[in-house]
Amino acid sequence: MTTHRFGVRLGVAFLASIFAATGALAQQSDAPQKPGKMIRAGDVLSGELGVMKVRDTKNRGKRVATYQITSEPRRLPPPNGLCNLETGPETFQLVPTNDAQAAQLKSLSGKAISVKVDEIACAQDAGEMSEAIVTKWSVVAK
């Protein structure tokens with residue numbers, strides 16, 4: 001047995017043990033995240049409004065605008081709860097019910113807004129780009 005190979009193997013084993021130890025320490029320092037606070041009907045949801053173009057399955061694949069608020073994690077009222085997520089949904093899709101609401105959202109895209117939530121549920125259907133869907137809402141003046 002040559003000493004050169006022994007030294008290389010010992011060095012590789014030493015480096016591997018150092019990397020494994022630092023990885024284990026980094027994993028231990030991550031504290032478990034707490035679920036967000038509860039959001040109920042009538043509560044205000046604040047965040048940045050984003051716009052995405054998606055294909056509408058009901059309208060022969062026509063591209064339509066989808067509006068989404070990115071906010072802090074929230075818990076939904078039972079039975080939805082955390083929407084099968086660790087901390088609850090962070091992205092909320094706003095569904096405009098008429099052309100006036102769609103025009104209002106279009107003018108506010110890219111800005112921080114606040115919305116009063118009246119009806120909210122977890123996303124379940126294919127094509128829903130957010131974690132939760134807000135079907136009844138109104139914009140709150142800041």
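With rounding to the nearest 0.5 Å, the separation of NZ in K37 from CG in D43 is 8.0 Å. The structure places CD1 of I120 at 11.5 Å from CD of Q93, a figure rounded to the nearest 0.5 Å. Here the CG-CD1 distance, from L105 to I69, works out to 8.0 Å after rounding to the nearest 0.5 Å. From R40, atom CZ reaches atom CG of L76 across 11.5 Å, with rounding to the nearest 0.5 Å.
With sequence neighbours left out, the side-chain hydrogen bond (donor to acceptor under 3.5 Å, both in side chains) criterion links E72 to R74. For K136, the side-chain contact (heavy atoms from CB on, under 4.5 Å) partners at least two apart in sequence or on another chain are D118, E119. By the side-chain contact (heavy atoms from CB on, under 4.5 Å) test, Q101 pairs with P96, T97, N98, W137, sequence neighbours left out. The side-chain contact (heavy atoms from CB on, under 4.5 Å) search around S109 returns V51, not counting sequence neighbours. Looking at residues two or more places apart in sequence or on another chain, you find no side-chain contact (heavy atoms from CB on, under 4.5 Å) involving D99. For S107, there are no side-chain hydrogen bond (donor to acceptor under 3.5 Å, both in side chains) partners, not counting sequence neighbours.
Considering all non-hydrogen atoms of both residues, Y67 and A102 come closest at OH-O, 3.6 Å.
Side-chain N or O atoms of E131 include one that pairs as donor or acceptor with a backbone N or O of E90 at under 3.5 Å. A donor-acceptor pair under 3.5 Å is absent between the side-chain atoms of T91 and the main chain of T70, judged by distance alone.
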Going through the distances and angles, do L94 and L49 end up as a side-chain contact (heavy atoms from CB on, under 4.5 Å)?
CA-CA 9 Å; L94 297 178; L49 181 66; 4.0 Å; yes
